[in-house]
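Take a look at the structure set out below.
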Amino acid sequence: MNLQDAKRIFAESGIQSALVIDDAFDEVAAYDPDDLERAFQLIEEDDDVASAWTALGPERPADPAALEDAVTGDEAVDRALREAREGDASPLQKLSQALYGSVADDRHAMREPLNALEAILTELEITPTKVGSAGAVADERKFPLIFLDYYLGDKGIPSITKSRNRIQEVTALYAADERPIVVLMSSDLNNEKAARKFRDEAELLGCQFKFIPKQKFKEAKLELVSSLADLVAFLPQTRKVGQFVEAWKTALEGARDEFVTGIRQLDLYDYFMIRDKLGQNASGRFGDHVSSLFDGYLRRLVEDRAELRVATASLNKVTFDDRPPAPFIPSEIVTRIADAMAFQSIDADQEKDSPLELGDVFIQDRGRSGGLRAAAVISQACDLEQNKTESLLLIRGTVTKRDGQKMSRNQSNQPILRTDLFRWESKDFIIDWD
């Protein structure tokens, strides 16, 4: 993707403005106490500097406080000193560098990558609005693209918390279907794991979030523009996903109290009737059955919420004409969600009383020394369903981590019974059955 392609994507997506939040835009004092002391000592020790100072009009200061009063009390003196800082070498320029130098240099260093970002946005015909670490955003516009500094202040936990609170304050003004793409940026952080932790704590949507080290604003312009264009191209889809996630969150929160209130109303006789209807199948399954009933009741309370029905209907209409940008590896939560659909944890002493089926696989972790072992249920399905057996027929298996070099036949070149890929707890395994 070249710059013109990216520019077209931004234009077609209606991205014309961006918000840049960074403490480099905070109002700060022109100098700190150390600078003031340094400038005063220079006047005291250098006659040429002292003469240049008095030539501006004020008297020779008696102490740093008097110097500060002279600078802040006379606009012409302050302006002359500031102009001298960028001028030719002279005693007055030497004094100006001492007074304004360190703060100005720090601000310049902080703003240099942001200036590069502003130039990129301008080239894409996107107008940046720059705000500091506090205060209201300039106007009530909704910005589809927000750049946020990871440290809003000195490095450390307080400034990260300040940054997280700041983005939550801003995004709280947006409806669920108009949430922006948030780009977390930093000059010092280069850690994707920390960036993802920030994303989760700030309750930002994964498909509307990106982390970029600030040096890329200068060193990797095309890479930056291309990756942002990929996100922007799918903004309508991600906003519908965001609306769906927000609706689920709201539905869960609303259903929780109603669910607890409902199940607390059940009397002991209600539980007796539930167990009685299980009949002969009640043995050892009462708790599982009640848990299943609760699960269905909670799901109904959640899915019957009007806002979730609307968001679900909206998500049903989402289409992908092109393939979205993919990470190098799938999100870990995808595996955990899939595992939650496929696996359940059963205590060893409860296995015999659990509703087992033919083909169920057990994995037992015996710790670092014992490793993993597997067993699959091979008792007849009808015996399991009708509780005609008091014992289970199992086939044992050896579990090893999946290895591309692992042979598909044993050393005697005889075929072996194998599950070549068994994915469990975000890891790939092979099971050799006995």
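Keep in mind that what you see is a predicted model, and the values were worked out from it rather than measured. Positions are given from 1, in the same order as the sequence printed here.
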Whether the side chain of [X] engages the backbone of [Y] through a donor-acceptor N/O pair (distance < 3.5 Å, no angle test) should be reported.
X	Y	value
S314	V310	no
Q237	T319	yes
T54	S51	yes
S13	I15	no

Run the salt-bridge test on [X] and [Y] with the 4.0 Å N-O cut-off and return the result as yes or no.
X	Y	answer
R396	D434	no
D46	K94	yes
E118	K130	yes
E169	R166	yes
K214	D22	yes
K221	E123	yes
E192	K197	no
E178	R239	no
R82	D78	yes

query = Do the non-hydrogen side-chain atoms of I21 and S133 ever get within less than 4.5 Å of each other?
reply =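 Side chain of I21 against side chain of S133, heavy atoms only: no contact under 4.5 Å found.
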query = Testing R38, E44, E37 for side chain to side chain donor-acceptor pair (under 3.5 Å) with Q41, which one passes?
reply =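 Exactly one option meets the side chain to side chain donor-acceptor pair (under 3.5 Å) with Q41, and it is E37.
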Evaluate whether atom [atom1] of [X] has more than 12 neighbouring non-hydrogen atoms of other residues, nucleotides or ligands under 6.0 angstrom away.
X	atom1	value
R423	CZ	yes
D88	CG	no
Q16	CD	no
E253	CD	yes

inquiry  = With rounding to the nearest 0.5 angstrom, report the NZ to CZ distance, K210 to F147.
reply    =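 If I round to the nearest 0.5 Å, the distance is 10.5 Å.
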